[in-house]
Amino acid sequence: MRRHLAAAATAAASLTLLLAPGVRAADASAANPYERGPAPTRASVEALRGPYAVSQTTVSSLAATGFGGGTVYYPTSTADGTFGAVVISPGFTAYQSSIAWLGPRLASQGFVVFTIDTLTTLDQPDSRGRQLLAALDHLTQRSAVRGRIDAGRLAVMGHSMGGGGALEAAKSRPSLKAAVPLTGWNTDKTWPEITTPTLVVGADGDTVAPVATHSEPFYESLPGSLDKAYLELNGATHFTPNTSNTTIAKYSVAWLKRFVDDDTRYEQFLCPLPRPDLTIEEYRGSCPLGS
C-alpha cells in the first residue's frame, strides 16, 4: 500500500510540473523559491538588458496618493511567478526621467521597478522617504501589476535627496529587504537604527554631497552587524547616477538579487570585496554576507 501511495504522489508531482511549465526545477526543489533567471555571469550583470523582456505602464499623479506618480517597468512573462519590487526616487529639483534608465535595466533582471516623481521637486529627504513607502504601497496594493509582485520582497533606491530618502524609508520600514542610496544627500549623517541591508554608492568627484560628509559617514554609521557595503565610484560626479552606468547597475543588481531574492548566486560579485579599478575608487563591505 505504501509503495502505491508513494507512486501516486510521484505521479501527481510530475503532473503538477507538466501543468505548470513556469515552475522551474530549482523552484520545485524549494532550494530557493525566489531565484529568478539563469545563473549569472559577469557579462550578464554588466549587460544593458537581462534575460527578461520588459513592459511598462504609467501611474498618473492623479491616481497616486502620497507621491507624484511614475512609471512601472516589469518582466512581461509570468512564467516564473511573482517578483521582488524596488521603488526609485529622483533627487532635488529632478524628475523621474533623471533615473529612468534604471527602470528597464533592473526590470530585465527580474524585478518590478517603479521610478517615481515626487510631490514637488523641492521635497527634502524625509518627505522623499515617505513617498518611496507610499509608492511601494501603491505598487503592491493598487497598481495594475500588483499580482506580479511578492509584497514581502521590497526595496528602495534613490539619487541625491532621493538617496537620503532611501535611508529614511529603510529606517521607517525595517521589513524592507534592501536599500541603495546613490550619491545620497541628507542632513542626518548617522543611521544606527537601520536593519535593512544597504549598499551606499558615492562618487569621488562629488561636490554636492561629498563622500567625506555624506556617503562615508552614512556607511560607517550603519550597524557593524548589518550586511552593508560602500562603493565609491572612480572619476564620477554627483550626477553620474543620472545616466546609464555599468558599475552602478552591476552592483545594484547583485545587491538586490542577493537580498531581495535571497539569491546567493550573486554573492560572487560582492565577496570577496571588489578591488579598485578604472571605475571603482574604493569598496568596503561585510563578507561573508547573510551571516
CZ (R153) and OG1 (T82) are apart, to the nearest 0.5 Å, by 5.5 Å
To the nearest 0.5 Å, how far apart are CZ in R148 and OG in S55? 7.0 Å
Shared-cluster residues of L62, by chain and number - hydrophobic side chains joined below 4.5 Å: none
Side-chain contact, heavy-atom cut-off 4.5 Å: V208 with F239? yes
Pairwise distance CD(Q268) to CZ(R258) - rounded to 0.5 angstrom: 12.5 Å
Donor-acceptor contact present, side-chain K189 to main-chain T213, <3.5 Å: yes
Under a 3.5 Å distance rule, please check whether T121 uses its side chain to pair with a backbone N or O of T93 as donor and acceptor. no
Measure across W101 and A249 and return the closest heavy-atom pair with its distance rounded to 0.1 Å. CZ3-CB, 4.0 Å
Can you find a heavy atom in the side chain of V86 that is under 4.5 Å from one in the side chain of L102? no
Side-chain donor-acceptor distances from residues 175-184 under 3.5 Å, at least two apart:
from : atom 1 : to   : atom 2 : distance (Å)
T183 : OG1    : H159 : NE2    : 3.2
T183 : OG1    : H238 : O      : 3.0

Using a 4.5 Å side-chain heavy-atom cut-off and chaining through intermediate ILVMFWY residues, the residues clustered with I194 come out as L167, W191, V200, V211, F218, Y219, L222, L226, Y230
Look up atom CD in E216 and atom OG in S221, then write down how far apart they are to the nearest 0.5 Å. 12.0 Å
Test of understanding: with side-chain hydrogen bond (donor to acceptor under 3.5 Å, both in side chains), list the residues that count as partners of D263, not counting sequence neighbours. R265
If hydrophobic residues (ILVMFWY) are linked whenever their side-chain heavy atoms come closer than 4.5 Å, directly or via other members, who joins W185 in its cluster? F92, L122, M161
Taking all atoms of both residues into account, what is the closest heavy-atom pair of P223 and P192, and its distance? CG-O, 3.2 Å
Walk me through it: do L273 and E282 pass the test side-chain contact (heavy atoms from CB on, under 4.5 Å)? CA-CA 10 Å; L273 299 180; E282 181 186 359; over 6 Å; no
Side chain to side chain donor-acceptor pair (under 3.5 Å) for T71 and T115? Distances and angles first, verdict last. CA-CA 5 Å; T71 304; T115 59; 4.5 Å; no
Under the ring-ring contact (aromatic ring centres under 6.0 Å, His included) definition, can you give me all pairs with a residue in residues 249-277, not counting sequence neighbours? Y251-Y283, W255-F259
Evaluate D277 against T279 for side chain to side chain donor-acceptor pair (under 3.5 Å), listing each step before the verdict. CA-CA 5 Å; D277 60 20; T279 65; 3.2 Å; yes
Sidechain-backbone polar pair: T41 side chain, S44 backbone, donor-acceptor under 3.5 Å: yes
Tracing side-chain links under 4.5 Å among I, L, V, M, F, W and Y, which residues wind up in one group with L48? none
Side chains of S61 and D117: does their closest heavy-atom pair fall under 4.5 Å? no
Residue list, side chain to side chain contact (heavy atoms under 4.5 Å, CB included) with A94, at least two apart or on another chain: P90, S98
Taken in chain and number order and not counting sequence neighbours, the residues that satisfy side chain to side chain contact (heavy atoms under 4.5 Å, CB included) with D123 are T118, L119, T120, S127, R128, Q131
Supply the atom-to-atom distance S143 OG to D137 CG, rounded to the nearest 0.5 angstrom. 11.0 Å
side-chain hydrogen bond (donor to acceptor under 3.5 Å, both in side chains) partners of T198, counting only residues at least two apart: none
Looking at Y34, is its backbone amide N or carbonyl O close enough to the side chain of D262 to form a donor-acceptor pair, meaning the two atoms are under 3.5 Å apart? no
Please test L256 against D261 for side-chain contact (heavy atoms from CB on, under 4.5 Å), starting from the C-alpha separation and ending with a verdict. CA-CA 7 Å; L256 294 170; D261 289 357; over 6 Å; no
So which heavy atom on L289 is nearest to which on S286, and how close? CD2-O, 2.8 Å
Value rounded to 0.5 Å, distance of CE in M157 from CG in L199: 8.0 Å
The criterion is ring pair (Phe, Tyr, Trp, His ring centres under 6.0 Å); which residues satisfy it with Y73, sequence neighbours excluded? none
Indicate the atoms forming the closest heavy-atom contact of P217 with A212, along with that distance. CD-O, 3.5 Å
Can you tell me which residue among D206, D204, L233 is in a side-chain contact (heavy atoms from CB on, under 4.5 Å) with T240? L233
Hydrophobic clustering (ILVMFWY, side-chain heavy atoms < 4.5 Å, transitive) - are Y95 and V59 grouped together? no
Heavy-atom side-chain contact between I149 and L154 under 4.5 Å: yes
Kindly state each residue pair satisfying ring-ring contact (aromatic ring centres under 6.0 Å, His included) with at least one member in residues 114-145, sequence neighbours excluded. F67-F114, F67-H138
Are any of the side-chain heavy atoms of P40 and K257 separated by less than 4.5 Å? no
Tell me the closest heavy-atom pair linking E168 and N186, and the distance in Å. OE2-ND2, 3.2 Å
Between T195 and P174, the two heavy atoms sitting closest are OG1-CB, 3.6 Å
Less than 4.5 Å apart, side chain to side chain, heavy atoms only: is that true for V253 and L106? yes
